[in-house]
Peer 1: 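The structure follows.
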2 protein chains.
Amino acid sequence: MKTALDEQAQSSLLLRKLGRIDDLTDDEERAVLNLPMKVKVFDADVDIIRDGDRPSDCAVVLSGFVCRYKILPDGKRQILGLYIPGDMPDLQSFPLQVPDHGVGTLARSNVGLIPHECLQDMLRSYPNLTKAFWRETLIDAAIAREWMIGLGRRSAYQRTAHLLCELHLRMMSVGLARSDGYDLPLTQNELADTLGLSTVHVNRVLQDLRREKLITLRGSALHIPDTRALQAAGEFDPAYLHLTD
Amino acid sequence: MKTALDEQAQSSLLLRKLGRIDDLTDDEERAVLNLPMKVKVFDADVDIIRDGDRPSDCAVVLSGFVCRYKILPDGKRQILGLYIPGDMPDLQSFPLQVPDHGVGTLARSNVGLIPHECLQDMLRSYPNLTKAFWRETLIDAAIAREWMIGLGRRSAYQRTAHLLCELHLRMMSVGLARSDGYDLPLTQNELADTLGLSTVHVNRVLQDLRREKLITLRGSALHIPDTRALQAAGEFDPAYLHLTD
DNA sequence: CGTACGATTGAGAGACTTCAACAAACGTGG
DNA sequence: CCACGTTTGTTGAAGTCTCTCAATCGTACG
């Protein structure tokens with residue numbers, strides 16, 4: 001169980017993101033901090049929202065790794081988004097009510113759950129906050145578009161390098177990465193479902209990246225000796241993450 | 001040049017979409033109808049917003065066909081979204097200010113341009129409308145996710161069938177399609193850039209679809225004799241379009 | 001009637017997949 | 001603390017989907 005203090009610290013993670021682009025008023029900040037949030041611990045590989053459910057809470061990742069995914073009739077899985085601490089994986093379905101895919105954990109995760117009504121109430125009281133949340137979903141969508149570009153037009157090698165770069169910056173922005181690497185708790189199978197590849201091919205691509213001295217990866221410890229080089233390999237341009245405007 | 005009456009008729013196209021999910025008040029409806037909109041005609045294959053521009057207007061497609069796209073360093077293009085009358089192709093970048101890709105026409109199109117400030121003002125006056133616009137962007141994002149699934153995990157054949165089904169329903173919903181077909185003004189090359197395929201392969205896939213009697217396509221006239229059959233071929237489930245909730 | 005763009009075809013190559021087996025790492029219970 | 005089972009990672013070989021290149025055909029339009 002988390003203490004109240006912890007929860008505040010964790011709400012502030014959310015606050016940091018929301019306030020990243022335009023400034024919130026003190027009142028608005030307080031409203032966000034006062035959102036009632038139930039913290040729940042999920043094991044790895046567990047559903048938070050099942051496809052078709054009509055969830056009553058909105059999730060904030062506090063620790064761990066969460067993904068949005070879709071399973072096709074033939075059993076294939078495509079991971080549609082990766083969510084790290086500070087992210088709200090199902091904000092996309094909050095205004096639409098009906099999610100069209102599942103949300104689940106990839107690693108053991110702490111997830112804050114905020115009742116939809118409380119969020120609704122807050123947005124009614126502070127309409128300007130709607131824009132901040134809206135923006136969050138747009139950044140999420142921008143990331144999805146970048147993945148689309150990769151899936152449609154980049155090689156497996158580029159796409160993989162690109163993803164590793166993206167996660168590096170995103171992890172950095174919430175203080176979970178060092179400048180030369182981070183903890184990547186995804187199996188090669190999960191990477192494959194993210195990148196639209198087979199597990200076998202992911203394995204070979206990772207070996208190529210190692211051979212080129214662009215990464216070392218032992219267990220979940222990813223080391224990136226030369227950020228620039230990896231970014232070049234993945235044609236990575238961070239503009240789409242909107243981290244600094 | 002359009003008459004004032006025409007413009008109203010066209011604003012109402014927008015209104016229909018915005019009001020599709022939850023009802024707007026009379027005041028809100030009026031605010032939308034009163035948005036000042038400059039109608040501009042664009043030829044086919046012309047940019048409306050160039051990657052990196054900071055646009056001053058927000059676009060509404062009134063007629064024709066518009067797309068969002070990204071060109072990669074090696075010249076490859078990925079089309080990220082298709083926009084038909086009633087759609088707002090750059091609503092995604094409106095709250096973020098900085099677009100991370102271009103928007104252009106695929107066919108000769110009438111586009112309504114609404115100054116950002118006017119939109120901002122309206123949302124300030126009627127904060128509840130923000131949610132309606134937000135929802136629009138989320139449906140757009142849901143479509144993008146569905147494309148991601150296709151790009152990552154579906155065969156060229158399924159993916160193509162899926163896209164044809166999606167456009168069919170979307171065109172139907174704005175009265176631009178009959179139940180047995182519609183006008184598809186995309187070249188095979190443009191389809192290829194949408195589907196993440198080569199032009200040659202799109203050509204062969206279309207021939208396969210013809211051979212299976214799922215479509216006939218002469219010029220831009222697409223005929224779908226059996227909607228169900230094509231949907232089955234594309235594993236198409238329209239839920240993600242959120243057309244009816 | 002020529003020109004240009006889009007559609008079509010054929011042949012060969014390459015990227016990625018599938019299948020299948022094995023090795024290594026990990027967690028768990030005895 | 002070791003044995004064991006399960007999961008994850010690695011390797012090889014064969015196959016297939018899709019791409020590239022390059023030529024040809026059709027058709028609309030000036």
Side-chain angles (χ1 to χ4, degrees), chain A residues 43-46 65 72 74-79 105-108 150-164 183-211 215-222 233-234, chain B residues 43-46 65 72 74-79 105-108 150-164 183-211 215-222 233-234:
Chain A
D43 273 331
D45 302 311
V46 162
F65 235 94
L72 295 187
D74 62 356
K76 283 180 186 153
R77 175 174 68 165
Q78 177 65 44
I79 288 178
T105 57
L106 293 171
R108 186 179 174 79
L151 288 167
R153 291 300 186 207
R154 284 197 257 256
S155 69
Y157 182 82
Q158 290 179 307
R159 210 182 310 165
T160 306
H162 196 280
L163 179 66
L164 297 179
D183 185 67
L184 181 73
L186 300 191
T187 65
Q188 293 184 359
N189 183 35
E190 288 160 346
L191 278 175
D193 287 344
T194 305
L195 296 164
L197 298 170
S198 68
T199 309
V200 171
H201 201 58
V202 165
N203 181 282
R204 291 182 171 135
V205 167
L206 288 176
Q207 289 181 51
D208 289 344
L209 288 169
R210 284 191 266 242
R211 196 171 306 122
I215 63 167
T216 53
L217 179 57
R218 290 181 52 81
S220 67
L222 175 66
Chain B
D43 272 332
D45 302 312
V46 162
F65 236 93
L72 296 186
D74 61 357
K76 281 178 188 154
R77 175 173 70 164
Q78 177 66 43
I79 289 179
T105 56
L106 293 171
R108 186 179 174 79
L151 288 167
R153 291 301 185 207
R154 284 197 257 256
S155 69
Y157 183 80
Q158 290 179 307
R159 210 183 309 164
T160 306
H162 196 280
L163 178 66
L164 297 180
D183 185 67
L184 180 73
L186 299 192
T187 65
Q188 294 184 359
N189 183 35
E190 289 160 346
L191 277 174
D193 286 345
T194 306
L195 295 165
L197 298 170
S198 68
T199 309
V200 172
H201 202 57
V202 165
N203 182 281
R204 291 183 170 133
V205 167
L206 288 176
Q207 288 180 52
D208 289 343
L209 287 169
R210 283 191 265 243
R211 195 170 309 120
I215 63 168
T216 53
L217 179 59
R218 291 180 52 81
S220 67
L222 175 66

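Just so it is clear: chains get the letters A, B, ... in the order the sequence lines come, proteins before strands, and each one is counted from 1.
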Peer 1: For Thr199(A), answer base if it contacts any base atom (sugar-phosphate contacts may also be present), sugar-phosphate if it contacts only those atoms, and nothing otherwise; contact means non-hydrogen atoms under 4.0 Å.
Peer 2: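 The residue Thr199(A) makes no contact with any strand.
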Peer 1: At less than 4.0 Å, is any side-chain N or O atom of Gln207(B) found next to OP1 or OP2 of dT9(C)? Yes or no.
Peer 2: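 The answer is yes; a side-chain N or O of Gln207(B) sits under 4.0 Å from OP1 or OP2.
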Peer 1: Looking at dC19(C), dT18(D), dG9(D), which one has an atom nearest to any side-chain atom of Val200(A)?
Peer 2: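 From the listed options, dC19(C) comes nearest.
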Peer 1: Can you check the Leu184(A) CG to dT8(D) C1' distance for me, whole Å?
Peer 2: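 Nearest whole value for this atom pair: 14 Å.
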Peer 1: Among the candidates dT8(C), dC19(D), dA13(D), find the nucleotide nearest to the side-chain atoms of Gln188(B).
Peer 2: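 Among dT8(C), dC19(D), dA13(D), the one nearest the side chain of Gln188(B) is dT8(C).
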Peer 1: Can you tell me which nucleotide in dT20(D), dG9(D), dT18(D) comes closest to the side chain of Arg204(B)?
Peer 2: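 Closest nucleotide among those given: dT20(D).
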Peer 1: Need one value for Thr187(B): base, sugar-phosphate or nothing, where a base atom within 4.0 Å counts as base even if backbone is also close, heavy atoms only.
Peer 2: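 Here Thr187(B) touches the backbone only, sparing every base.
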Peer 1: Which nucleotide wins on minimum distance to the side chain of Ser155(B), given the candidates dT11(D), dC16(C), dT18(D)?
Peer 2: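 Looking only at side-chain atoms, Ser155(B) lies closest to dT18(D).
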Peer 1: Go nucleotide by nucleotide along DNA chain C from the 5' end; which of Glu190(B) and Ser198(A) gets its closest nucleotide reached first?
Peer 2: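 Between the two, 5'-proximity favours Glu190(B).
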Peer 1: Starting at atom CG of Leu191(B), determine the distance to atom P of dG6(C), rounded to an integer number of angstrom.
Peer 2: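 My rounded result for the distance is 12 Å.
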Peer 1: The side chain of Ala156(B) is closest to which nucleotide in this list: dT8(C), dG10(C), dT18(D)?
Peer 2: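 Per side-chain heavy atoms of Ala156(B), the pick is dT18(D).
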Peer 1: Separation of Leu197(B) atom CG from dC16(C) atom P, in whole Å?
Peer 2: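 These atoms are roughly 14 Å apart.
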Peer 1: Would you name the heavy atoms of Arg77(A) and Asp193(A) that are closest together and state the gap between them?
Peer 2: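 Looking at all heavy atoms of both residues, the shortest contact is NE-OD2, 2.8 Å.
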Peer 1: Measure CG/Asn203(A) against C1'/dG12(D) and give the value in whole Å, please.
Peer 2: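 Interatomic distance, CG of Asn203(A) to C1' of dG12(D): 12 Å.
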Peer 1: Pick the nucleotide of DNA chain C nearest each of Val205(A) and Asn189(B); which residue has the one closer to the 5' end?
Peer 2: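 Its nearest nucleotide lies further toward 5', so the answer is Asn189(B).
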Peer 1: Looking at every strand, decide which applies to Leu206(A) at a 4.0 Å heavy-atom threshold: base, sugar-phosphate, or nothing.
Peer 2: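 It contacts nothing in the nucleic acid.
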Peer 1: Look only at the side chain of Arg159(A) and the backbone of Arg154(A), and say whether a donor-acceptor pair between them is shorter than 3.5 Å.
Peer 2: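 Yes, the answer is positive, given that a donor and an acceptor are paired below the 3.5 Å cut-off.
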Peer 1: Applying a 4.0 Å non-hydrogen cut-off, can you work out what Arg210(B) is touching in the nucleic acid: base, sugar-phosphate, or nothing?
Peer 2: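 The answer is sugar-phosphate, as Arg210(B) gets under 4.0 Å only of primed atoms, P, OP1 or OP2.
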Peer 1: Roughly, in whole Å, what's the span from CG in Asp193(A) to P in dT17(C)?
Peer 2: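 Roughly 11 Å, once rounded to whole Å.
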Peer 1: Rounding to an integer number of Å, can you tell me how far Leu217(A) CG sits from dT10(D) C1'?
Peer 2: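 About 13 Å, once rounded to whole Å.
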Peer 1: Test Asp208(A) against every option in Arg210(A), Arg211(A), Arg204(A) by the salt bridge (Lys or Arg N to Asp or Glu O under 4.0 Å) rule and name the one that passes.
Peer 2: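 When Arg210(A), Arg211(A), Arg204(A) are each tested with Asp208(A), the salt bridge (Lys or Arg N to Asp or Glu O under 4.0 Å) holds only for Arg211(A).
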Peer 1: Base, sugar-phosphate or nothing for Gly219(B)? Non-hydrogen atoms, less than 4.0 Å.
Peer 2: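 Nothing: the residue Gly219(B), judged by heavy atoms under 4.0 Å, touches no strand.
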Peer 1: Rounded to whole angstrom units, what separation is found between the NE2 atom of His201(B) and the P atom of dT8(C)?
Peer 2: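 It works out to 14 Å between those atoms.
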Peer 1: Over how many whole Å does the gap from Asp208(B) atom CG to dT9(C) atom P extend?
Peer 2: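 Rounded to the whole Å, the gap is 11 Å.
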Peer 1: With no hydrogens and no angle check, is any side-chain donor or acceptor of Thr199(A) less than 3.5 Å from a backbone partner on Gln188(A)?
Peer 2: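 Not at all, since once roles are kept as given, no pair shorter than 3.5 Å links the two residues.
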Peer 1: Can you name the nearest heavy-atom pair linking Leu106(A) to Ala44(A), along with the distance?
Peer 2: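 Scanning both residues completely, I find the closest heavy atoms to be O-CB, 3.6 Å.
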